[in-house]
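Reviewing the structure listed below.
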Amino acid sequence: MLLALLNWVITLATVVLFAGKYWWFPEAINEHAREYDEHFRNTLYITGVIFFLAQMSLGWVIFKYRSNGGRSSYVEGNNTMEVVWTTGAAVLFIGAVLMSTQVWAGVHLSETPANAVTIELMAKQFAFSFRYAGADGKFGKTDIKQISDANGNPFGVDEKDPAGKDDVTSSAIRVPAGRPVLLKMRSRDVIHNFFVRELRVKQDVVPGMEIPLRFQADKPGTYEVPCSELCGLGHHQMRSTLIVLPPADFENWLKEEDQKLKQQ
Ligand SMILES: [Cu+2]
């Protein structure tokens, strides 16, 4: 009796906690994030109803068939029921996967819009760096031998290439609100991960590869970018910030950085 009651109480408490959203995702700041949340909600509704019914029935079975001192009896399996719930579970899981593919493909398989801002990311143990093409709109050539954190050159921008003279590097990523971004990601050592909760976007950064990630942030603000792949002893300290600026402020920031480079 007590066990059945405990099961019902825990089930109800869990449902209330989820339904009341007392501990939920941070705000979604673009269309993709809202679609992601909608898919998550739909999946949770379906699995939530099944969870509720299954746990309530379990409590009922414990209550009804609890030991009354008699002998237990052997019961054969029921093939029809086995087939029904195996098929049901398969349809449910495959259906949920198919429903989610569009949301996933929207980030990973979409074309880069023509008005996208291209930004480069370089990850290393234990920091992220970002590079902008500067006033000329061209990224300077890079050379692995010229990588130097001490000289503020985490990308190894080739000093001899004039296109690299105005390249802006930053430890935080600034993007204009409402404009698509193409982030080209590379790593110097091990696998890292670029993750912004508010964008609902998460992508590994793999050494030896250049991985494109497309996203758009619509709401100005400051968001955390924690490295989300265990990458070594300093992993817990590896984080950056995504600063979403109104488009005019973004242009101004780039101009200011350009001025600073000219004064050097
Ligand atoms: Cu890392």
Side-chain angles (χ1 to χ4, degrees), residues 10-58 77-116 118 121 175 177-185 187 191-206 208-219 223-230 242 244:
I10 292 175
T11 304
L12 284 173
T14 311
V15 169
V16 167
L17 279 176
F18 272 97
K21 292 189 178 180
Y22 295 108
W23 190 27
W24 207 244
F25 299 147
E27 187 189 6
I29 59 166
N30 64 12
E31 197 46 43
H32 161 75
R34 281 185 285 275
E35 282 174 13
Y36 178 103
D37 287 5
E38 197 190 314
H39 178 68
F40 185 90
R41 254 195 317 269
N42 292 342
T43 310
L44 195 62
Y45 282 147
I46 299 168
T47 50
V49 167
I50 295 170
F51 168 79
F52 180 76
L53 292 178
Q55 293 303 317
M56 292 318 255
S57 325
L58 178 64
N78 185 323
N79 282 343
T80 316
M81 280 179 88
E82 294 255 7
V83 169
V84 167
W85 66 57
T86 307
T87 314
V91 167
L92 190 68
F93 284 120
I94 296 169
V97 168
L98 290 178
M99 273 158 58
S100 72
T101 45
Q102 204 189 344
V103 181
W104 183 86
V107 169
H108 297 281
L109 299 179
S110 60
E111 293 283 311
T112 306
N115 65 335
T118 303
L121 175 155
V175 302
R179 214 174 128 189
V181 173
L182 170 64
L183 189 60
K184 294 180 171 177
M185 312 200 290
S187 167
I191 301 176
H192 299 277
N193 186 293
F194 179 87
F195 176 39
V196 181
R197 297 176 307 163
E198 289 81 354
L199 294 174
R200 312 287 192 262
V201 155
K202 191 179 211 181
Q203 173 63 52
D204 269 358
V205 188
V206 182
M209 291 177 82
E210 186 184 86
I211 297 178
L213 180 70
R214 295 161 200 90
F215 67 85
Q216 179 174 316
D218 292 337
K219 193 177 177 208
Y223 311 97
E224 191 187 18
V225 185
C227 176
S228 298
E229 179 66 56
L230 186 56
L242 167 71
V244 182

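Here, residue 1 is the first one in the sequence, and each next residue gets the next number. All values below come from the heavy atoms of this structure, side chains included, with hydrogens, waters and symmetry mates left out.
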- Query: Looking at residues at least two apart in the chain, or sitting in another chain, which of them share a side-chain contact (heavy atoms from CB on, under 4.5 Å) with Gln55?
  - Reply: Asn7, Thr11, Phe51, Leu58
- Query: Which atom pair, heavy atoms only, marks the closest approach of Ser187 to Val206?
  - Reply: CB-C, 4.1 Å
- Item | Leu121 and Leu213: CA distance, side-chain angles, deciding distance, side chain to side chain contact (heavy atoms under 4.5 Å, CB included) verdict | CA-CA 10 Å; Leu121 175 155; Leu213 180 70; over 6 Å; no
- Task: Spell out, as yes or no, whether a donor-acceptor pair under 3.5 Å connects the side chain of Ser100 to the backbone of Val97.
- Result: yes
- Task: Decide yes or no for Phe40 and Arg200: does some side-chain heavy atom of the first lie under 4.5 Å from some side-chain heavy atom of the second?
- Result: no
- Query: Counting distance only, does the side-chain N/O of Ser228 pair as donor-acceptor with the main-chain N or O of Pro226 below 3.5 Å?
  - Reply: yes
- Item | Flag side-chain contact, heavy atom, 4.5 Å: Val175 against Leu183 | no
- Query: Of all residues at least two apart in sequence or in a different chain, which pass the side-chain hydrogen bond (donor to acceptor under 3.5 Å, both in side chains) check with Thr47?
  - Reply: none
- Task: Check whether any side-chain heavy atom of Thr112 sits under 4.5 Å from a side-chain heavy atom of Pro180, and report yes or no.
- Result: no
- Task: Step through the shown structure and confirm whether more than 12 heavy atoms of other residues, nucleotides or ligands are within 6.0 Å of CE on Met99.
- Result: yes
- Message: So Phe194 and Val225, do their side chains get closer than 4.5 Å, heavy atoms only?
- Response: yes
Show me the donor-acceptor pairs within less than 3.5 Å that the side chains of residues 102-111 make with the rest of the protein, sequence neighbours left out.
unit_1, atom_1, unit_2, atom_2, d
Ser110, OG, Gly106, O, 3.0

- What heavy-atom pair brings His39 and Ala96 nearest, and what distance separates the two atoms? CE1-O, 3.2 Å
- Item | Any side-chain heavy-atom pair of Val196 and Val201 under 4.5 Å | no
- Message: Would you say that Thr14 contacts Phe52 through its side chain, given a criterion of any heavy-atom pair below 4.5 Å between the two side chains?
- Response: no
- Query: Does some side-chain heavy atom of Leu199 sit less than 4.5 Å from a side-chain heavy atom of Tyr223?
  - Reply: no
- Rounded distance (nearest 0.5 Å) linking atom CD of Glu229 with atom CD of Gln203: 11.0 Å
- Item | For Gln216, side-chain hydrogen bond (donor to acceptor under 3.5 Å, both in side chains) partners two or more places apart | Asp218
- Between Phe18 and Trp24, is any pair of side-chain heavy atoms under 4.5 Å apart? yes
- Item | Salt-bridge criterion met for Glu38 and Arg41 (N-O under 4.0 Å) | no
- Run the salt-bridge test on Lys219 and Glu198 with the 4.0 Å N-O cut-off and return the result as yes or no. no
- Got a second to check how far Thr87's OG1 is from Leu92's CG, nearest 0.5 Å? 12.0 Å
- Task: Considering non-hydrogen atoms only, spot the tightest contact between Leu182 and Ala116 and give its length.
- Result: N-CB, 4.3 Å
- Message: Does Phe215 have more than 12 heavy atoms from other residues, nucleotides or ligands lying within 6.0 Å of its CZ?
- Response: yes
- Rounding to 0.5 Å, atoms CE (Met81) and OG1 (Thr86) come to a distance of 11.0 Å
- Item | Between CE on residue Met209 and NZ on residue Lys184, distance to nearest 0.5 Å | 14.5 Å
- Heavy-atom count around Trp85 CH2 within 6.0 Å, excluding the residue itself: above 12? yes
- Across all chains, not counting sequence neighbours, the ring-ring contact (aromatic ring centres under 6.0 Å, His included) partners of Phe93 are none
- Note on the structure: Taking every heavy atom of Asp204 against every heavy atom of Met185, the minimum-distance pair comes out as O-CE, 3.9 Å
- Task: Nearest 0.5 Å please: distance from the CG atom of Asp37 over to the NE2 atom of His32.
- Result: 9.0 Å
- For residues 91-106, pull every pair meeting salt bridge (charged side-chain N to carboxylate O under 4.0 Å, His left out), keeping only residues two or more places apart or in separate chains. none
